[in-house]
Amino acid sequence: MEFAKRFTKGKHAFIVCTHIDKAHVHNHIIWSSVNLDCDRKFRNFWGSTKAVRHLSDTLCIENGLSIVENPKPHGKSYDQWLGDQAKPSHRELLRAAIDNALAKKPTDLDELLKLLRESGYEVSKRGESYRLKLPGWGKVSRLDSLGEGYTLEDLLAVLAGQKEHTPRQKSVKQADPPKVNLLLDIQVKLRAGKGAGYVRWAKVFNLKQMAQTVNFLTEHNLLEYAVLEEKAAAATAHHNELSAKIKAAEKRMAEIAVLRTHIINYAKTRDTYVAYRKAGYSKKFREEHEEEILLHQASKNAFDDMGVKKLPKVKELQAEYAKLLEEKKKTYAEYRRSREEMRELLAAKANVDRLLNMEAEHDAENKK
């Protein structure tokens with residue numbers, strides 16, 4: 001809503017539609033091409049995409065949300081985005097079939113083609129080129145189109161024992177390492193009515209979490225509880241410090257926005273108020289210019305409340321605002337990193353505390 005208001009400058013009617021039926025919740029904004037006064041049309045401009053991103057980043061930062069620090073100029077294809085879940089292409093299926101056939105050690109090309117036919121592939125020859133396809137495919141694929149290692153020349157060299165065949169490996173993006181989560185309190189869930197099946201699952205979950213916790217502590221050389229406690233406290237303090245810095249910047253930016261508005265209103269209505277004063281604060285004059293006079297008085301009262309003795313220049317305020325916004329962006333990037341570090345350390349410490357507490361309870365029960 002706020003984005004649409006600012007981008008249209010409040011001059012066009014708009015509708016914001018939110019898709020919550022998708023894995024990625026997102027919005028669609030539709031605004032009228034004709035303004036509210038019905039006398040002008042919306043005109044797109046060169047660089048509007050950059051303006052949209054800049055406004056979106058500004059709103060996200062103002063509301064404490066994350067932004068894309070270094071956006072890439074081009075996105076991924078759908079198959080690249082799907083990664084391992086993407087449906088294999090025809091060429092990938094053919095390469096896999098050839099890999100399986102070569103693994104059976106055929107002696108010549110005819111035997112290799114026979115193995116491919118037995119796998120369900122249709123093999124044909126046109127000129128010097130061999131073509132393959134599966135039933136249901138609209139088009140055939142030539143051997144020469146499968147890339148290095150799968151051309152007719154390469155396959156003949158492999159079959160003759162002149163070179164080794166290396167199956168092409170599909171590049172797989174390494175998954176992010178699992179994050180340390182808090183251990184489940186099995187007893188709490190039992191009191192909430194969970195059954196024996198949940199207990200078995202929770203015990204396995206806790207074992208996995210403790211394994212991840214041990215790995216985390218080992219990787220970060222936090223094998224002493226005192227060091228872990230100190231690191232967690234320091235990370236929390238650093239995170240709180242950055243949070244306070246961001247809030248201070250936001251507060252000052254809000255003050256600048258209010259002060260700038262009052263300075264502009266004060267300048268616009270100053271001549272009217274001077275004339276009102278020269279008229280001896282005439283009631284008739286006030287009635288004729290009441291809106292401007294009230295605006296001028298409101299600005300003066302605001303200056304008094306803010307303790308402003310000498311009015312700063314609007315350009316100076318804008319420069320300060322821009323500097324604060326830039327500092328806030330940099331601080332927010334560090335804030336996000338510190339928040340993640342703090343959460344991992346606190347989760348690891350909570351897991352260790354939970355384990356130590358469980359051991360203490362177990363020892364107490366044994367003494368009984």
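Count residues from 1 along the sequence.
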Under 3.5 Å, side chain of [X] to main-chain N/O of [Y], donor-acceptor pair present?
X: S129; Y: R126; value: no
X: N100; Y: A96; value: yes
X: S145; Y: R142; value: yes
X: H12; Y: S32; value: yes
X: T236; Y: A232; value: yes
X: T261; Y: A257; value: yes
X: H296; Y: E292; value: no

Heavy-atom distance under 4.5 Å between the side chains of [X] and [Y], does that happen here?
X: R131; Y: S141; result: no
X: L55; Y: R6; result: yes
X: K11; Y: L36; result: no
X: Y266; Y: L311; result: yes
X: L222; Y: F216; result: yes
X: F14; Y: K5; result: yes
X: L115; Y: L102; result: no
X: V140; Y: L132; result: no

Do other residues, nucleotides or ligands put more than 12 heavy atoms under 6.0 Å from the [atom1] atom of [X]?
X: R286; atom1: CZ; value: yes
X: K133; atom1: NZ; value: yes
X: E230; atom1: CD; value: no
X: E118; atom1: CD; value: yes

Measuring from atom [atom1] of [X] to atom [atom2] of [Y], what distance do you get when rounded to the nearest 0.5 angstrom?
X: E224; Y: L217; atom1: CD; atom2: CG; result: 12.0 Å
X: Y335; Y: H239; atom1: OH; atom2: NE2; result: 3.5 Å
X: R270; Y: N265; atom1: CZ; atom2: CG; result: 12.5 Å
X: L295; Y: E290; atom1: CG; atom2: CD; result: 12.0 Å

Quiz item: Can you name the ring-ring contact (aromatic ring centres under 6.0 Å, His included) partners of F3, sequence neighbours left out?
Solution: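 ring-ring contact (aromatic ring centres under 6.0 Å, His included) list for F3, sorted by chain: F7.
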Quiz prompt | Partners passing ring-ring contact (aromatic ring centres under 6.0 Å, His included) against F45 (at least two apart in sequence or in another chain) | solution =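 For F45 there are no ring-ring contact (aromatic ring centres under 6.0 Å, His included) partners, ignoring immediate neighbours.
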Self-check item: Option passing side chain to side chain contact (heavy atoms under 4.5 Å, CB included) with L346 (candidates R343, E344, M342)
Solution: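 Checked R343, E344, M342 against L346; only one passes side chain to side chain contact (heavy atoms under 4.5 Å, CB included): M342.
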How would you list, by chain and number, every residue that makes a side chain to side chain donor-acceptor pair (under 3.5 Å) with [X], sequence neighbours excluded?
X: T151; answer: D154
X: T107; answer: E111
X: Y150; answer: D99

Practice problem: Under the side-chain contact (heavy atoms from CB on, under 4.5 Å) rule, collect the residues that match up with R252, sequence neighbours excluded. | Solution: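 side-chain contact (heavy atoms from CB on, under 4.5 Å) list for R252, sorted by chain: E255, I256, L317, E320, L324.
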Quiz item: Are side-chain N/O atoms of E334 and H238 paired as donor and acceptor at under 3.5 Å?
Solution: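 Yes, H238 and E334 have a side-chain donor paired with an acceptor closer than 3.5 Å.
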Quiz item: For residues N35 and D39, is any side-chain donor paired with an opposing acceptor at under 3.5 Å?
Solution: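 Short answer, yes.
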Exercise. Return the orientation label for the Y273 and Y281 ring planes: parallel under 30°, perpendicular over 60°, tilted otherwise.
Key: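 Judged by the thresholds at 30° and 60°, the geometry between Y273 and Y281 is perpendicular.
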Practice problem: Run the numbers on K349 and D353 for salt bridge (charged side-chain N to carboxylate O under 4.0 Å, His left out), then give the verdict. | Solution: CA-CA 6 Å; K349 183 177 178 297; D353 289 341; 3.0 Å; yes
Quiz prompt | Candidate pair Y276 and H289, rule ring-ring contact (aromatic ring centres under 6.0 Å, His included), full reasoning | solution = CA-CA 9 Å; Y276 173 55; H289 305 84; 8.8 Å; no
Quiz item: What's the verdict on side chain to side chain donor-acceptor pair (under 3.5 Å) for N27 and T18, showing C-alpha distance, side-chain angles and the deciding distance?
Solution: CA-CA 4 Å; N27 293 320; T18 304; 2.6 Å; yes
